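What follows is a set of notes on a single structure, which appears directly below.
Numbering of residues begins at 1 and proceeds along the displayed sequence. All figures in this text were calculated on a predicted structure; none of them were measured in a lab.
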Amino acid sequence: MTTKNRTVAKLLTTSNVDLYTVPTSFEANIKSIYVNNSSSSTQTFSLDYYDAQNTTYHTLAETVSMPPNSLLQITDSLYLYKADKFRGLASAGSAVTVVFNVEETFIGTRT
């Protein structure tokens with residue numbers, strides 16, 4: 001199996017937006033997630049995980065408050081399958097960035 005490491009970053013807006021989707025024919029190990037509030041005021045963010053096989057969204061974080069100029073790191077691995085994804089939003093646009101450290105493994109046509 002072929003494995004590649006990636007860093008994926010997205011700036012959150014005030015509407016839910018897809019942040020990372022596992023590519024077709026891959027599974028992914030989300031090794032860590034960084035959430036950064038780069039503004040000078042307190043912001044909130046929310047993150048959801050979408051399980052494509054069950055077509056269900058699961059809340060990971062709901063309106064989590066972040067102090068000004070702060071960083072939150074989640075270091076527990078999360079394992080995702082093809083088409084699974086994360087989405088998120090923030091209380092203010094252009095203030096909160098989410099960065100994923102991802103290891104993607106090619107699985108071919110496995111079901």
[X]: which residues meet the side chain to side chain contact (heavy atoms under 4.5 Å, CB included) condition with it, sequence neighbours left out?
| X | answer |
| --- | --- |
| S38 | N36 |
| S65 | T42, T44 |
| T24 | none |
| L89 | N16, S46 |

May I ask you to list the residues sharing a hydrophobic cluster with Y57, side-chain cutoff 4.5 Å, ordered by chain and number? Y50
Who else is in the cluster with V99 when I, L, V, M, F, W and Y are joined by side-chain contacts under 4.5 Å? Y34, L71
Can you list every pair that meets salt bridge (charged side-chain N to carboxylate O under 4.0 Å, His left out) and has a residue in [range], with sequence neighbours left out?
| range | value |
| --- | --- |
| residues 11-20 | D18-K85 |
| residues 45-73 | D48-R87 |
| residues 35-47 | none |
| residues 1-17 | K4-E104, R6-E104 |

Could you tell me which residues satisfy side-chain hydrogen bond (donor to acceptor under 3.5 Å, both in side chains) with S41, sequence neighbours excluded, listed by chain and number? Q43
Can you sort out the partners of S25 under side-chain hydrogen bond (donor to acceptor under 3.5 Å, both in side chains), two or more places apart, ordered by chain and number? none
Evaluate F86 against Y20 for ring pair (Phe, Tyr, Trp, His ring centres under 6.0 Å), listing each step before the verdict. CA-CA 5 Å; F86 282 98; Y20 171 74; 7.3 Å; no
